[in-house]
Every structure is written in C-alpha cells, then in structure tokens.
Number of protein chains: 2
Amino acid sequence: MFKTAVEMEKAAMILKLLGDKTRLTMVKILDSHDCCVCEFVEIFKMSQPAISQHLRKLKDVGLVKEERRGQWIFYSVNKNNAYYSFVAEILKQLPDQDEKLKVLEENGTRMTCC
Amino acid sequence: MFKTAVEMEKAAMILKLLGDKTRLTMVKILDSHDCCVCEFVEIFKMSQPAISQHLRKLKDVGLVKEERRGQWIFYSVNKNNAYYSFVAEILKQLPDQDEKLKVLEENGTRMTCC
DNA sequence: TGTATATATAAGCAAATAATTATATAATGA
DNA sequence: TCATTATATAATTATTTGCTTATATATACA
C-alpha cells in the first residue's frame with residue numbers, strides 16, 4: 001500500500017500547510033495544471049505578495065517547484081517529493097477545481113498572462 | 001470511491017486541526033483505542049488543561065466524542081462523522097502509535113487511571 | 001538603454017493559536 | 001458530608017500566522 005509511513009512530525013507539518021484554504025486549493029489546482037502567480041492572484045482575488053508567500057511556504061517544504069518561463073514563473077506540484085503520495089491521497093478526496101481555471105479562460109485572464 | 005468530495009472549506013478546517021502533532025497523534029491513537037484525558041497527559045507529558053483543550057477542539061468539529069465512565073471521561077473517534085472517511089485516509093498513512101500505549105501499561109499508568 | 005511587467009522579499013501589524021495558571025464542576029469513597 | 005481525583009473552563013500571555021505596504025530584482029520590449 002504505502003512503502004513507509006510518514007513520520008508524525010512531518011505529517012503534522014504537511015497537514016498544517018494544507019490546513020489553509022488558499023494553499024489547499026492551490027495544491028489541488030497545481031496537481032493537474034501548472035500555474036503562474038498572476039493566475040492565482042486572479043483566482044483568489046488576493047494581493048500578489050500574499051500569493052507569493054503562500055507559494056513560498058509550499059516550495060520550502062518541497063511540495064511545489066518553480067520554473068521560470070521568460071517573464072513568468074510557473075509553479076507545479078513536485079511529484080518526486082517524499083510526501084507526495086501522502087498529499088495525493090488527500091487531494092483525491094477534494095472536489096475538482098477546474099472551473100476556477102475555466103473562469104480565467106473565459107474572461108481572458110489566463111491568456112493575457114500566461 | 002468516495003460518495004462525495006469534501007468541501008474545500010471543510011477540508012482545510014479538518015487539515016488545520018490535524019496539523020498539530022499532538023492532535024494528530026491523539027486522533028491516530030483514538031482511531032484504535034479509547035483513551036481518557038489522564039492517559040494523554042502521561043503520553044504527551046503535557047498539562048491536563050492543554051490536553052483538554054486539544055480534545056475540545058477535536059470534539060467541537062465532531063471528530064471525537066466523549067463518554068463519561070464514572071470518574072473518567074473516555075474519548076473515542078466518532079466514526080459517524082461526515083468527515084471520518086476523509087480523516088481515515090490520512091490516518092492510514094501514519095505509523096502505528098501503539099507503543100505509546102504499551103509504555104503506559106508497562107509503567108502501570110494505564111491501569112491506575114483507566 | 002529605459003520603461004513596463006511579473007515576481008520576490010522585507011518590515012510591520014492584527015488576528016489566531018497554544019500554552020500556562022487559577023478556578024470550577026462532578027463523581028468517588030471514607 | 002468532606003476530601004480526593006478527574007476533568008473542564010476562564011483568563012492571561014507568548015508565539016505564530018497571514019495579511020498589508022513598500023521596495024527590490026529580473027525579464028521583455030520599444
């Protein structure tokens with residue numbers, strides 16, 4: 001089933017990170033689509049620094065990784081992370097967030113930026 | 001697979017609750033054994049009010065329930081809770097905590113109290 | 001080379017969290 | 001009925017968190 005159980009300390013740390021609605025939704029979205037910061041700014045109607053700070057926390061524990069593409073920095077889930085399978089089991093149980101991206105495409109925000 | 005996905009808001013709330021090492025371990029233990037407050041005080045080497053407050057939070061969202069047995073109040077996981085299957089998937093991936101209870105039995109603390 | 005755009009980072013602050021200490025409640029047993 | 005034990009609750013405090021505003025950096029493009 002699972003190679004090895006996640007340590008309690010690490011598990012609690014991951015859960016605390018995911019225990020924020022914004023970050024949880026980010027990870028759920030990133031699990032199926034790469035996104036850049038400006039898309040999240042649109043989706044969550046939050047300031048750019050607030051978004052960047054959430055992404056920083058996710059990056060610091062290795063849950064997401066970043067990749068610059070020209071002017072933009074794209075984030076994606078780091079599926080090689082030791083805790084990815086732990087996280088994936090949680091994400092599985094969450095509702096699809098694709099309609100959030102669809103809204104961006106409809107109002108053109110997705111195209112403009114990325 | 002799952003009847004219905006857990007709402008993002010609710011999921012984040014549950015994850016935040018479990019994102020504390022003490023509470024996460026409590027729930028993992030309670031998932032297989034009922035326990036009373038004084039046992040947790042021993043296990044975690046924490047003050048009784050601190051333990052009671054953690055249990056209160058878990059009870060407030062319905063993850064655990066309490067049952068008085070004479071002088072003691074026993075806590076157990078509320079498997080009827082709407083979010084139990086969500087939580088159970090997480091607990092599955094955590095290492096067994098039985099040795100923590102074993103320590104209590106060895107030093108007699110488990111018997112004395114409960 | 002200068003300006004605009006995307007992003008990160010730092011500093012400051014208000015709200016939330018998790019502990020402590022002190023006190024209240026409830027059951028047990030002499 | 002009184003002392004003891006188990007637990008809850010309230011008040012206080014220190015720490016952490018998540019935002020804001022201000023500023024820095026890095027790329028693109030005219």
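So you know, we letter chains A, B, ... as the sequences are listed, proteins then strands, and number each from 1.
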**Message:** Under the rule for side-chain hydrogen bond (donor to acceptor under 3.5 Å, both in side chains), what residues qualify as partners of Arg68(B), not counting sequence neighbours?
**Reply:** none
**Asked** So does Lys102(A) pair up with Glu99(A), basic N to acidic O under 4.0 Å?
**Response** no
**Within residues 8-17 of chain A or reaching into it, pairs that qualify as salt bridge (Lys or Arg N to Asp or Glu O under 4.0 Å) - sequence neighbours excluded** = Glu9(A)-Lys21(B)
**Beyond-backbone contact of Tyr83(B) with Val61(B), side-chain heavy atoms, under 4.5 angstrom** = no
**Prompt:** Just by protein heavy atoms under 4.0 Å, how would nucleotides 19-30 of chain C read 5' to 3' in B, S and -?
**Reply:** BBBB----SS--
**Message:** Is it the case that atom CZ in Phe86(B) sees more than 12 heavy atoms from other parts of the structure closer than 6.0 Å?
**Reply:** yes
**Request:** Indicate, with a heavy-atom threshold strictly under 4.0 Å, whether Tyr75(A) touches base, sugar-phosphate, or nothing.
**Result:** sugar-phosphate
**Asked** With Tyr84(B), which residues qualify under ring pair (Phe, Tyr, Trp, His ring centres under 6.0 Å), at least two apart?
**Response** none
**Asked** How close or far is atom C1' of dT7(C) from atom CZ of Phe74(A), stated in whole angstroms?
**Response** 13 Å
**Item:** Separation of dC19(D) P from Lys45(A) NZ (nearest whole Å)
**Value:** 16 Å
**Request:** Using whole Å, report how far CE of Met26(A) lies from P of dT7(C).
**Result:** 12 Å
**Asked** Of all residues at least two apart in sequence or in a different chain, which pass the ring pair (Phe, Tyr, Trp, His ring centres under 6.0 Å) check with Tyr75(B)?
**Response** none
**Item:** Selection: residues 56-64 of chain A, any non-hydrogen atom under 4.0 Å of DNA chain D
**Value:** Lys57(A)
**Prompt:** Rounded to the nearest Å, what distance is computed from the CD atom of residue Glu66(A) to the C1' atom of nucleotide dT25(D)?
**Reply:** 13 Å
**Asked** What is the distance from CD of Glu39(A) to C1' of dA6(C), rounded to the nearest Å?
**Response** 12 Å
